[in-house]
Amino acid sequence: MAKKSYRQAINEALAQEMRRDPTVIVMGEDNAGGLGAPGEDDAWGGVLGVTKGLMPEFGRERVLDTPISESAFIGAAAGAAATGLRPVAELMFVDFMGVCFDQIFNQAGKFRYMFGGKAVTPLVVRTMYGAGFRAASQHSQCLYPIFTHVPGLKVVLPSSPYEAKGLLIQAIRDDDPVIFLEHKVLYDDEEEVPDEPYTIPFGEANLTREGEDVTIVAMGRMVKFANQVADGLETDGISCTVLDPRTTSPLDTDSILESVEETGRLVVVDEASPRCNMATDISALVAERAFGALKAPIRMVTPPHTPVPFAPELEDLYIPSPEKIGAAVREVMEHGA
Amino acid sequence: MSDAIQAVTMPKWGLAMDEGMVTVWLVEEGAPVAAGDELLEIETTKITNVFESPAAGTLSRRLVGEGETVPVGALLAVVAEDGAAEAEIDAFVESFRAEFAVAAEAAAESVAAEPESVEAGGLAINYLRAGTGEGVPIVLVHGFGGDLDNWLFNQPALAEHHDVVALDLPGHGRSAKDVGAGDLAFLSETLAEFLDALGIDRAHLVGHSLGGAAVLGLALDHPKRAASLTLISPAGLGPEINRSYISGFVGAARRKEMKGVLQMLFADPGLVSRDLVEDVLKYKRLDGVAGALETIARAVFPDGRQAVVLAERVGDLAVPVQVIWGRRDEIVPPAHAEALPPGVPVHMIETAGHMAHMEAAGEVNRLIAAMTG
C-alpha cells in the first residue's frame, strides 16, 4: 500500500468520486487557477494545491474557479446541492465563514427539516482551520464548535491521511450538508492509504490507543499529540486510551462514555477557544452521564481565550502542546493518590 | 561457528511487523528445552503468540527482558548443546549482535518482500510469494473474510524450506472485489487460473475454512494440480456453519460489533487486538467489499447452511489428504471430520478454535511440513 500525504488523500478522494459520479463538482477560489491567463490552466489547485490536477481531468465545467465572494459561491453550492448536484465547495479558510453564515446555517442546514424531509442537500464545504501556520488571527481559528452547534449540519475533523480520504468520500456520498475541516498543518503528514475508494462512517469514534488508566479525547491535529503523549507515558506505566471522535456532529457519545466508565479519568484536548468548545461539551456529557465512574476531576487542555497570536513564540505557547497534555494526564493520575 | 549454539531471534509475523515485545518467558535460563517447546510469548501491535524453540539443548542465555521491545531479527536467546563452553556462548552472542547491527542497517535500505498482483480469470489477484523458489510450491488459501495475512505465523516458517505462495481470494484483501456467482465453483476455478498465471503445475494446497472447501474443489476438478491437501477447519465437509458468525461478519460496521464477531474465531478471545479489529474494518470499508461478502455468503452458505458437501468425494483423491481441526472451533463443527472416508488422518488440536494455524501455529506448521516433505 502506498504512503500518501493528507493533501494527496483528499485530492484522490475528490478525483475518485468525480470519476464515479458525474454530479460531483468542485468549486472555490483558484481551485483550478489561472483563469483568463493563457497557458496557466490548473496554476493553483486551491491556495495550498489540494485540488491540483482535477481541472485537466474533469474540465472547467466541473472544477469552477469562483470570485472572492464566499456568500455568493457557498450560496450557489447550496442551491446546486438542492437541485441535483453534489458540490464540494472550498471555503479557503474557516475564518471566512462569517460572510456566508446565512447560506450555511439558515439555508443548507435547514432545507431537509423545513421542506418536511422532501429535499436533500448533499453539499460538502471543505475548509482549512487551525493554528501553527504563522498565519495570524484571521487565518488560524478552529471554528468547528460553531458548526457543531447547528442542527442540520454534519461536522468532520479528519486527523490523518487515511481518515481524510475515507471521511471525505463518505461526506460526498452523504445527503446532508457536511462541513469538512482540514487542519493546514497536517497536509504533508503521510501514512498508508488504500488506492481503492472506501468510506468511514460518521458518528463512530476511532480508538487510536487502548489503555486502562486515562481516556484522552482529542480531535484533528490534537490526535497526533495525544498519541505521542500516550506512547511516551506507556513507558512510565500510565496506559491511555485515545479517542478521536472523527465527527463532532454526530458525536459518538457512547464510545466516550464507555471508555470513561472503564478508565475513570478523562482529559479532553481541544484546539478551539475554550468557551463553548468540544472540550466543554464532552466534559459536560461525562459529568452528567458518567459522574459516578470518575476517579478524578475532568481536565481540559485548550488554548487560552485570546485571538491566535502572530508572534511565533506566542503562537507556539497558545497551541495545546504534548507537554501540556502529558501534564494534564499526570495530574488526573495523581489525584487522590 | 558450529550448530552447537543456536540463535533464537525475534520472528517476523506479517508484513507490518518490524518489532515485537517479549511479554513473558516460559522457560528459565539454564533449563533444558526440546525443539518445539514453548519458549516465550511475543506481542506485536496486532497479536500475541507463543514462540517455540527452534532447537534442542539448554536455554543458556535469555537476552531480552519481559516488557522489552526489540526489532525483528534481534537476538532473544541462545540455545546451546550440553557441554558448550560459556566463553564460546559469549563469543557467539557478541558476534551475532555485531553482525545484526550491520544487517539491520542493510535491511533498512533494502526492500522487504512485497505482495504482487497477477491477473487470473480476468481478476487482479494479490499474492505474497516467499521462500526458496524451488520444488513443488505450497499454496495457502484463507477463509471467508480473511486475507493472506492470516498466514503470518505459517508462511515465514514454511518458507525456510519451500516456495510458499499466499493469496487473497477474490472479494478479499487487496484482490479484485468482483466475485462472479460467488460460489465454490467460482473460487476453485479462480484458484486454478491463479496457478496457471503463476506457472504452477502442481502445488501442496493448504486451505482454511472456506479456503479448505475451495482447494478441495480444485483438487477434485483438476486432480493433477494437487500434490497434497491440508484442510484446516474446512468448510465443505458437512451442512452446518455458524450462521451468526457469517451474518455478523457481513453486517458488522462498528468496532465493538466487529470485535465480538472476531472473538468467535479464537479459543482465546484475548487474541483479538484493537489493530486486528481495525484491519478488518479497513478492509470492510473498501468499495465493493460489502457486496462481495454478501454474494459469497448467499452462494456458499444459503439460509445459514453449507450449499456443497464434498466429504464423501475426498476418497476419490489419489493424493495424500490431512485434516487439522481446533477442538474448540465454534464456526465449523469439528464433528464434520467424522464424515471423512476412513484413512484420512484427522489432527484435533485441543486448545485451538477456528484459527488453529494462528493459535497453534507451531503444530500446524509441523503437520504441513510433514505432508510436504
Side-chain angles (χ1 to χ4, degrees), chain A residues 1-3 12-13 16-17 19-21 160-170 172-173 191-212 227 230-231 234-237 239-246 250 252 254-259 261-262, chain B residues 14-16 18-19 21 43 45-48 65-69 111-112 114-117 124 126 128 147-149 168 170-178 251-260 270 272-292:
Chain A
M1 213 181 301
K3 282 201 169 182
E12 191 170 279
Q16 288 181 343
E17 285 306 283
R19 278 176 214 137
R20 193 185 68 87
D21 181 349
S160 77
Y162 174 83
E163 297 284 306
K165 181 174 171 184
L167 288 167
L168 182 53
I169 293 179
Q170 177 72 30
I172 293 171
R173 296 180 189 177
E191 74 179 343
E192 288 194 345
V193 176
D195 296 333
E196 305 97 311
Y198 58 93
T199 54
I200 300 175
F202 291 165
E204 179 173 18
N206 189 20
L207 202 62
T208 63
R209 294 291 184 279
E210 201 167 19
E212 289 148 20
N227 287 338
D231 292 344
E234 187 79 48
T235 53
D236 296 348
S239 93
C240 303
T241 285
V242 178
L243 266 181
D244 168 11
R246 286 181 173 137
D252 184 358
D254 286 354
S255 288
I256 296 169
L257 292 167
E258 278 165 21
S259 177
E261 297 277 356
E262 282 170 22
Chain B
L15 288 173
D18 45 26
E19 59 180 28
M21 183 176 76
E43 183 181 311
T45 54
K46 295 204 193 302
I47 200 154
T48 302
E66 293 179 356
E68 273 186 65
T69 298
V111 181
E114 287 279 339
E116 299 168 74
S117 184
N126 184 55
L128 178 67
D147 63 29
L148 61 81
D149 239 6
D168 291 335
H172 291 78
R174 293 172 62 194
S175 287
K177 301 302 178 288
D178 178 0
R254 298 174 71 93
R255 190 183 59 247
K256 225 168 99 182
E257 292 168 77
M258 198 71 242
K259 186 170 184 176
V272 179
S273 66
R274 183 184 65 80
D275 276 35
L276 191 70
V277 176
E278 188 56 28
D279 280 355
V280 173
L281 285 176
K282 278 186 174 170
Y283 153 68
K284 287 199 63 197
R285 287 175 191 140
L286 296 173
D287 272 11
V289 167

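Numbered from 1 within each chain, the chains take letters A, B, ... in sequence-line order.
A pairwise comparison of heavy atoms in B:Arg255 and A:Ala205 identifies NH1-O, 2.9 Å as the closest pair. Across all their heavy atoms, A:Glu258 and B:Lys256 have their closest contact at OE2-NZ, 2.9 Å. The two atoms that bring B:Arg285 and A:Pro201 nearest to each other are NE-CD, 4.2 Å, heavy atoms only.
For the set A:Pro197, A:Gly166, A:Ser255, the count of heavy-atom pairs under 4.5 angstrom toward chain B peaks at A:Pro197. Of the listed residues A:Glu196, A:Glu204, A:Gln170, the one with more heavy-atom pairs under 4.5 angstrom with chain B than any other is A:Glu204.
At a threshold of 4.0 Å, the pair A:Asp252-B:Arg254 counts as salt-bridged, since one of the basic side-chain nitrogens sits closer than that to a carboxylate oxygen.
Here B:Asp287 contributes atom CG and A:Gln16 contributes atom CD; the two are 8.0 Å apart, rounded to the nearest 0.5 Å. Between the CG atom of A:Asn206 and the CZ atom of B:Arg274 there is a distance of 7.5 Å, given to the nearest 0.5 Å.
Taking a 6.0 Å sphere around CD of A:Glu212, one finds it holds 12 or fewer heavy atoms contributed by other residues, nucleotides or ligands.
Both the backbone and the side chain of B:Lys282 come within contact range of chain A, with heavy atoms under 4.5 Å apart. For chain B, no part of A:Asp254 is nearby; none of its heavy atoms comes within less than 4.5 Å.
Taking the side chain as every heavy atom from C-beta outward, B:Arg174 and A:Pro194 never approach each other to under 4.5 Å.
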